[in-house]
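Reading through the structure tokens given below for one structure.
In what follows, chains are A, B, ... by sequence order, proteins preceding strands, each numbered from 1.
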Protein chains: 4
Amino acid sequence: MNNKQVLNKRQRIINGAIAVFSRKGFYKATIEEIAEQADVGKGTVYEYFSSKKELFQEMFLYTEEKYEEMFHRGLSDAVMFQDKLQKMFQITMRFLNCHKEMAQILLAGYPPVAEDIQKVLIGKNQQNITKISKILEEAITRQEIRPVDTGAAAKVILGTLFFVGGQVLFSEDEKESGFNLLAQNVVDIILQGLLLT
Amino acid sequence: MNNKQVLNKRQRIINGAIAVFSRKGFYKATIEEIAEQADVGKGTVYEYFSSKKELFQEMFLYTEEKYEEMFHRGLSDAVMFQDKLQKMFQITMRFLNCHKEMAQILLAGYPPVAEDIQKVLIGKNQQNITKISKILEEAITRQEIRPVDTGAAAKVILGTLFFVGGQVLFSEDEKESGFNLLAQNVVDIILQGLLLT
Amino acid sequence: MNNKQVLNKRQRIINGAIAVFSRKGFYKATIEEIAEQADVGKGTVYEYFSSKKELFQEMFLYTEEKYEEMFHRGLSDAVMFQDKLQKMFQITMRFLNCHKEMAQILLAGYPPVAEDIQKVLIGKNQQNITKISKILEEAITRQEIRPVDTGAAAKVILGTLFFVGGQVLFSEDEKESGFNLLAQNVVDIILQGLLLT
Amino acid sequence: MNNKQVLNKRQRIINGAIAVFSRKGFYKATIEEIAEQADVGKGTVYEYFSSKKELFQEMFLYTEEKYEEMFHRGLSDAVMFQDKLQKMFQITMRFLNCHKEMAQILLAGYPPVAEDIQKVLIGKNQQNITKISKILEEAITRQEIRPVDTGAAAKVILGTLFFVGGQVLFSEDEKESGFNLLAQNVVDIILQGLLLT
DNA sequence: CATGAATGAGCGTTCATTCAT
DNA sequence: CATGAATGAACGCTCATTCAT
């Protein structure tokens, strides 16, 4: 039970951090407000995280992890590349819509925070590119798609994913149906291209 | 001449702001450093801008404007949609590479700054979508491209543009040739899509 | 045995306090580090001492006591005043050199700690003066030394003792021979004075 | 006049620092109280001193300087060594009595402050020893005193000076006559020694 | 008795903003 | 108009002390 309590407290702080950081951004967020949100004392935050920066990083990693879990679980049963791409967008849209607070943090691609935090973000991006590239290579091997530059294609996909994600996030009307249609149209373009054939 | 001097001073402050804000981000940047950079007194900044936030907004608008100018000029002599898309990427890459400082600000799509600044950024994005959409509609009318959802297509283009832009910006090696190849590959995918035909 | 354990724990805390207070000074020292050093829980310190301040005072008293013990034992077999003075310096130097940690605390004559701690230190100083004065009076009675103002003489002796002690403590080279020579020269001056006779 | 104002403000802060640091010691003193004492805003302190530590050091140096000035002026017309020694004590006592606040700082020989501050204090002490040693060498050359170990003698003098100084400082009764008598007796002992001749 | 997780008062420091010159 | 000295609100972080277990 003791162990459980500890986990609970750390988790509560992370949750408070997600709420406050995404509402206010790194600099406007105050440790005091995060502590209040988590219903713990200000000092307690420092029992679990050595600094505001570390708390931000840990929270970011945690958020990323959650997203990746959902991502993997969602893609696991898709075999064809088309399905995979479709799923990517659907999952991302749903995730963003359900976890708006976390989402803003994921999407703030290059926030002007301290340099070492930026490095973490850039690194994460690189990993994402690699991951998508692998999926693309596989699809090429299976002759599902054209033998394109996988790095470039990964960037088209991720860029679109993030941009559309941002749109969803900051749009006022939040109907899932709308998101799904948007996702479908976007996927269609990435798959078919724009040109008349 | 007096008038000219005033313009000069305002401009110098804007330039200082571009330099410092993009190097340090909104919160780490200090009015003092901007004033130094502009070679004016700290108080003088407040003669031309009522607050740090306003200075940021004005600077952002100015930067956007510069980018748009270059954008329009670059696209003006392209007739075919393919050329236009190609140019978009080339111009953007070149702009980012030449004005790295400004660029970071343009790319920080959803920076966690004060809310009212965010609104400006979101609005700007909306305008960009509309602009690209118009170009797409035109291309559809001319039967250059498939009759796709122009909003969705605009998002693919802009998302890719921004994402690739970010990549260019934060990559260490800065060879134009590399950027151009990347731009070409990316444009190819957007135009042709991924599927085997 | 229970009783013994208690004494052990109290003593361990005192020893931890000596180590940490003298290494870091009163304010930089933390209860946590003292507890660690003593290998007890942080809360346990408060079972034996009601506050950081009290711990400091108790530790100081303990240290003083140890010094005085050594002092008395060392002087016990000296009969002549000259021998006594010589011993005083030798004992003090040796004590300082062996217990550098404790020593700093003894020598911090007027440390800017909380007022009530200062009072204790001042009181201790007064006692020292009285003690030396008695020895001097005795020596005068025995006609070993001139009938000087014993209070003044005690201050010369103690002042020199402390000052030279500080020198020894903060000097890098720690050869006993050097200390002994210094002690001898200093004692010579106090005994013979400076004037040509 | 502008220049004068600036000097005034810096000086006011130094004076506030002297008052508060000597009343409370380094750690208990707060910048806020120093600022209040100096009748300036808290931020203003940081216009003139980059940190609490720097303020302390500057204040210390200033205090030392004042003392040394008085010291030199006082000794300048003394020719014989006996007179010089007498003056040293008289001047020091008077200084301490007049500037009790500053004095505590000068006397806190080895206060447990941050290490780099301690280095400054130890260095200052070394200088004092050298200075007194020179005076002693001169006196030896002139055959005014015995050819003693000047380093040792300097330590006797300084140690006594500081110790007696501390006594004066923390004694409640503050009659100059008392101090002068004490000074005289102490000087007598240092000059004549304790032994019957 | 022993513990250490939890707490919050308190302080050093920064910096946007003001205003007297 | 231009300046920069002055300001104080605000925040990150520390650590003595408490108390539930």
**Report entry** Atom-to-atom span, CG of B:Leu55 to C1' of E:dC15 - whole angstrom
**Finding:** 15 Å
**Report entry** Spacing between A:Tyr46 atom OH and F:dA16 atom P, to the nearest angstrom
**Finding:** 18 Å
Query raised in the report: Taking for each residue the nucleotide of DNA chain F with the nearest heavy atom, is it B:Val45 or D:Val40 whose nucleotide lies nearer the 5' end?
Result: B:Val45
Report task. Establish, with yes or no, whether the OP1 or OP2 oxygen of F:dC11 is under 4.0 angstrom from a side-chain nitrogen or oxygen of A:Tyr27. Result -> no
Query - Whole-Å distance separating the CZ atom of D:Arg12 from the P atom of F:dA6 - result: 9 Å
Query raised in the report: Relative to the 5' end of DNA chain E, which residue comes earlier, C:Asp39 or B:Ser51, by the nucleotide with the nearest heavy atom?
Result: C:Asp39
Report summary line: Taking a pair to mean Watson-Crick or G-U wobble geometry with both distances below 3.5 Å, F:dT18 pairs with E:dA5
Query raised in the report: F:dC11 phosphate, OP1 or OP2: any side-chain N/O from A:Thr30 under 4.0 angstrom?
Result: no
**Report entry** Atom pair distance, as rounded to whole Å: CD1 in C:Ile13 and C1' in E:dT3
**Finding:** 12 Å
Query raised in the report: Would you call D:Arg10 and D:Glu58 a salt bridge, using N to O less than 4.0 angstrom?
Result: yes
Report task. Applying salt bridge (Lys or Arg N to Asp or Glu O under 4.0 Å), run through B:Glu47 and B:Lys9 and close with a yes or a no. Result -> CA-CA 10 Å; B:Glu47 292 286 327; B:Lys9 225 159 232 190; over 6 Å; no
Query raised in the report: When the distance from CZ of D:Phe49 to P of E:dT14 is rounded to whole Å, what number comes out?
Result: 15 Å
Report summary line: Here the distance between atom P of E:dA16 and atom CZ of B:Phe56, to the nearest Å, is 14 Å
Report task. Kindly say if C:Tyr48 contacts the phosphate of E:dA2, meaning a side-chain N or O under 4.0 Å from OP1 or OP2. Result -> yes
Requested in this report: Assign A:Ala35 to base, sugar-phosphate, or nothing according to its heavy-atom contacts below 4.0 angstrom with the strands shown.
Outcome: nothing
Requested in this report: Please work out which of the three classes, parallel, tilted or perpendicular, describes the rings of B:Phe21 and B:Phe26, given edges at 30° and 60°.
Outcome: parallel
Report task. Determine whether B:Gln57 and B:Phe49 make a side-chain contact, defined as any pair of heavy atoms from C-beta on separated by less than 4.5 Å. Result -> no
Query raised in the report: Of all the choices, F:dT3, E:dC1, F:dT7, which nucleotide is nearest to the side chain of D:Thr44 once you look at every atom?
Result: F:dT7
Query - Whole-Å distance separating the CG atom of B:Asn8 from the C1' atom of F:dA2 - result: 15 Å
Requested in this report: Start with the C-alpha distance between A:Glu33 and A:Lys24, add both sets of side-chain angles, then the distance that settles salt bridge (Lys or Arg N to Asp or Glu O under 4.0 Å), and finish with yes or no.
Outcome: CA-CA 10 Å; A:Glu33 195 179 349; A:Lys24 309 257 187 132; 3.0 Å; yes
Report task. Would you kindly check whether a donor in the side chain of A:Lys42 faces an acceptor in the base of E:dT7, or vice versa, at under 3.5 angstrom? Result -> no
Query raised in the report: Just how far, in rounded Å, is C1' of E:dA20 from CD of B:Glu47?
Result: 13 Å
Report summary line: Out of E:dA6, F:dT3, F:dA6, minimum distance to the side chain of D:Lys9 belongs to F:dA6
**Report entry** Nearest listed nucleotide, side chain of A:Lys52, among E:dT13, F:dC13, E:dT17
**Finding:** F:dC13
Report summary line: Assign each of C:Ile31 and A:Glu32 the nucleotide of DNA chain F bearing its closest heavy atom; nearer the 5' end lies the nucleotide of A:Glu32
